Amino acid sequence: MSPPADAHPGDRPGDPGRTDLLTALLDAARERGSQPALTGPDGRTLTYAELRRAVLATATGLRSAGFADGDRVLFSVRPGPSAVVLALGIIAAGGTVVFADPGVAPEVFAARFTLAAPRWAAAESLLYAASSRLGRPLARRRGLLLPDYGSLGLRHIRAGRRLPGVPRGALSARTLAAGSAPGREPAPRPEREALVVFTSGTTAAPKAVLHTRGSLGAGLAGCTHLLRLGERATVHTDQLMIGVPALVAGAHWTMPPHGLAPAADPAHFAAGLAGATHAFCVPADLPRVLAAVADGSVRMPSSLRHLVLGGAPVPPGLLRRAAEVLPDVEALVVYGMTEIVPAAVATGTQKLAHTGSGDLLGKPVPGVRARVAEDGELHLAGPNLCHGYLGEPPLTEVPTGDLARLEEDGRLVLEGRKKDMIIRGRTNIYPGLYEPALAALPGVREAVLVGVPDGDGDERVVLVVTPGPTTPPGGPAVLRAAVRAALPGVMDAAALPDDVRVLDRVPVAGRGRKPDRGALRAHLAEERVEERVGERVEEQETA
């Protein structure tokens, strides 16, 4: 029987055998009682018993205040124990957490707000104050165009002490968590909507991934074994999709200071790892951390056993450097996307042992089904697949936008991004097919292939490399010549670049700090124009 027309998207019948995120976490908390569960940036720690009681108390307080099944909450609270408690409490109350970035352009925020149709907002008091009538002029002077949270027509929950600008009647997250907790836990509801994350889309048509308690539970269960999590693990991260699986596994989750990337202060990052067995890092942050360890200015704790990397491809040269500098630490590289995470996990050793073309992703996580379409695009499905996109029909599988192949032993190998394809003449060139091998060349840290528009309507293929720590003496010219000489051994003749450039760094973009090919392409195109102007001037002077 079909659900009623006015049913909430998360109310569609689900697979009762799937793990409910909330049930799994509360079960783990009940079993582990006084063991440490979560330590925030300020050093304060919640035990599992305290975490469980605070989550259930928050849910009870919300329901008493009129919170209803299916209510969506615009969520703008920085990572910390109170944010985790509040988010889980909202889910336990039958609601949905809608992650919201108040710093996006006003028209983007308005479009996302309309699509999500929240009834509540949860934000830090400082955000309410900065976005209020009194605080907005100061925020504007600092370049921030914040939406006025207090005038959104919603019920409100504040995190932190009350400040001017916080709407009257706003509930206190701390008061909710300190309230009375029921003895009975919510029943498992894997089909219930739980999380909305905006990923992309135009201003007129934002795209939002909708996860259920079941899809999140299945994904987090898949992380536990593959990331070597267990009761004795201590996981240092501010990433929800790494920290929550740690809690389900009975591990201790510790959080770094707000907004401090490892690359910004490697010494501070290393100090925060005291006692940690696992640490998360985006690949773009790792080179500075490794350099600090290599020169002796930073020492990693002896407890560290696993470095979890994700959010962007990891060049072989970087993995090799990590193995040299941190020989007792195993790299665990996670492949996935907001719609389905994790999809595959490979160790650094496995990736470096891969001798074929492309980037080894590993075998799909148990339960995840992989299919390579006729055009080479990878499609994924499984119990950890999101319900779909908000306002759209449910998904049965998701096209990843990645080109891949499935080897006979079941392992996935990434060959590049579909949209990154370069067309030169009649040849289609897929950068991801060659970049791992190029990045593994001696003296190279990172390698990126981009197509730069040429004057005749075609594209010139340019290889950009950045120097690694083992770059031979002689500077960029020597490295460029060495790379050029090695190209025929690692690339098909039809894909050889027209030019090789050596840059100090490759521009990056997004939370994952992936190479910004658009910015790189624009930079190279500008250089090309300047070169042509210079050539014309020389021709005129010679004439």
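In this text the structure is predicted, and so the values were computed from the model without any measurement.
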Output yes when a side-chain donor or acceptor of [X] lies under 3.5 Å from a complementary backbone atom of [Y], and no otherwise.
X: Ser76; Y: Ala100; value: yes
X: Asp20; Y: Arg189; value: yes
X: Thr234; Y: Thr277; value: no
X: Arg155; Y: Gly66; value: no
X: Ser297; Y: Ala292; value: yes
X: Arg63; Y: Ala93; value: yes
X: Arg72; Y: Ala116; value: yes
X: Ser303; Y: Ala276; value: yes
X: Asp71; Y: Ala68; value: yes
X: Glu377; Y: Gly401; value: yes

Euclidean distance, [Y] [atom2] relative to [X] [atom1], rounded to 0.5 Å:
X: Asp285; Y: Leu290; atom1: CG; atom2: CG; answer: 11.0 Å
X: Leu380; Y: Tyr335; atom1: CG; atom2: OH; answer: 5.5 Å
X: Leu378; Y: Leu361; atom1: CG; atom2: CG; answer: 8.0 Å

All side chain to side chain contact (heavy atoms under 4.5 Å, CB included) counterparts of [X], not counting sequence neighbours:
X: Leu88; answer: Leu25, Val55, Val84
X: Glu50; answer: Leu46, Thr47
X: Ala181; answer: Arg53, Leu56, Ala57
X: Val341; answer: Met241

Taking the side chain as everything from C-beta on, heavy atoms only, tell me whether [X] gets closer than 4.5 Å to [Y].
X: Val345; Y: Val308; result: no
X: Glu193; Y: His387; result: no
X: Leu318; Y: Leu309; result: no
X: Met337; Y: Ile340; result: yes
X: Leu307; Y: Leu286; result: yes
X: Val298; Y: Val289; result: no
X: Asp27; Y: Thr23; result: yes
X: Asp328; Y: Ser302; result: no

What closest approach, in Å, do [X] and [Y] show between heavy atoms, and which atom pair accounts for it?
X: Pro257; Y: Pro41; answer: CA-CB, 3.9 Å
X: Ala251; Y: Tyr48; answer: O-OH, 2.5 Å
X: Leu273; Y: Ala279; answer: CD2-CB, 3.5 Å
X: Gly243; Y: Thr237; answer: N-CG2, 3.9 Å
X: Ala129; Y: Pro164; answer: CB-O, 3.2 Å
X: Arg78; Y: Ala83; answer: O-CB, 3.2 Å

Quick one: side chain to side chain donor-acceptor pair (under 3.5 Å) pairs with a partner in residues 79-92, sequence neighbours left out?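 Side chain to side chain donor-acceptor pair (under 3.5 Å) check on residues 79-92 returns no pairs.
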
According to side chain to side chain donor-acceptor pair (under 3.5 Å), does anything in residues 164-181 pair up with another residue at least two apart or in another chain? List the pairs.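 As it turns out, the side chain to side chain donor-acceptor pair (under 3.5 Å) pairs with a partner in residues 164-181, which skip direct neighbours, are Ser172-Thr175.
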
Does Phe75 have any ring pair (Phe, Tyr, Trp, His ring centres under 6.0 Å) partners at least two apart in sequence or in another chain, and if so, which?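 For Phe75, the residues satisfying ring pair (Phe, Tyr, Trp, His ring centres under 6.0 Å) (neighbours in sequence not counted) are Phe99.
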
Go through the steps to decide whether Glu185 and Arg52 satisfy the test salt bridge (charged side-chain N to carboxylate O under 4.0 Å, His left out), and finish with yes or no. CA-CA 10 Å; Glu185 297 176 0; Arg52 177 180 175 275; 2.8 Å; yes

Taking atom types as modelled, find out whether Glu339 and Tyr389 have a side-chain donor-acceptor pair closer than 3.5 angstrom.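 There is such a pair between these side chains.
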
Please tell me whether Glu330 and Thr347 have a donor and an acceptor in their side chains that are separated by less than 3.5 angstrom.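 The answer is no; no qualifying pair exists.
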
Can you list the steps and then say if Leu38 with Met255 is a side-chain contact (heavy atoms from CB on, under 4.5 Å)? CA-CA 8 Å; Leu38 179 57; Met255 291 183 164; 4.1 Å; yes

Apply side-chain contact (heavy atoms from CB on, under 4.5 Å) to Leu216 and Arg213, showing your working. CA-CA 5 Å; Leu216 290 175; Arg213 281 160 56 171; over 6 Å; no

Among residues two or more places apart or on two chains, list those pairs meeting ring-ring contact (aromatic ring centres under 6.0 Å, His included) that have a residue in [range].
range: residues 177-197; result: none
range: residues 51-72; result: Phe67-Trp120
range: residues 213-259; result: none
range: residues 260-289; result: His278-His306

Would you call Arg112 and Asp101 a salt bridge, taking side-chain N to carboxylate O under 4.0 Å as the test?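 Salt bridge: no.
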
Using 4.0 Å as the upper bound for N to carboxylate O, is an ion pair formed by Glu392 and Lys207?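 Glu392 and Lys207: salt-bridged.
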
Leu220, Leu226, Val235 screened by side-chain contact (heavy atoms from CB on, under 4.5 Å) with Pro245, the one that passes: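 Exactly one candidate clears the test, Leu220.
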
[atom1] of [X]: more than 12 outside heavy atoms within 6.0 angstrom?
X: Arg44; atom1: CZ; value: no
X: Arg505; atom1: CZ; value: no
X: Leu126; atom1: CG; value: no

Where do Asp420 and Arg517 land on the side-chain contact (heavy atoms from CB on, under 4.5 Å) test, with the steps shown first? CA-CA 8 Å; Asp420 292 336; Arg517 295 177 189 271; 3.1 Å; yes

Residue pair Leu115, Val196: steps toward the side-chain contact (heavy atoms from CB on, under 4.5 Å) verdict: CA-CA 11 Å; Leu115 178 62; Val196 170; over 6 Å; no

Scan residues 299-310 for pairs that pass salt bridge (Lys or Arg N to Asp or Glu O under 4.0 Å), counting only residues two or more places apart or in two chains.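 For residues 299-310: none.
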
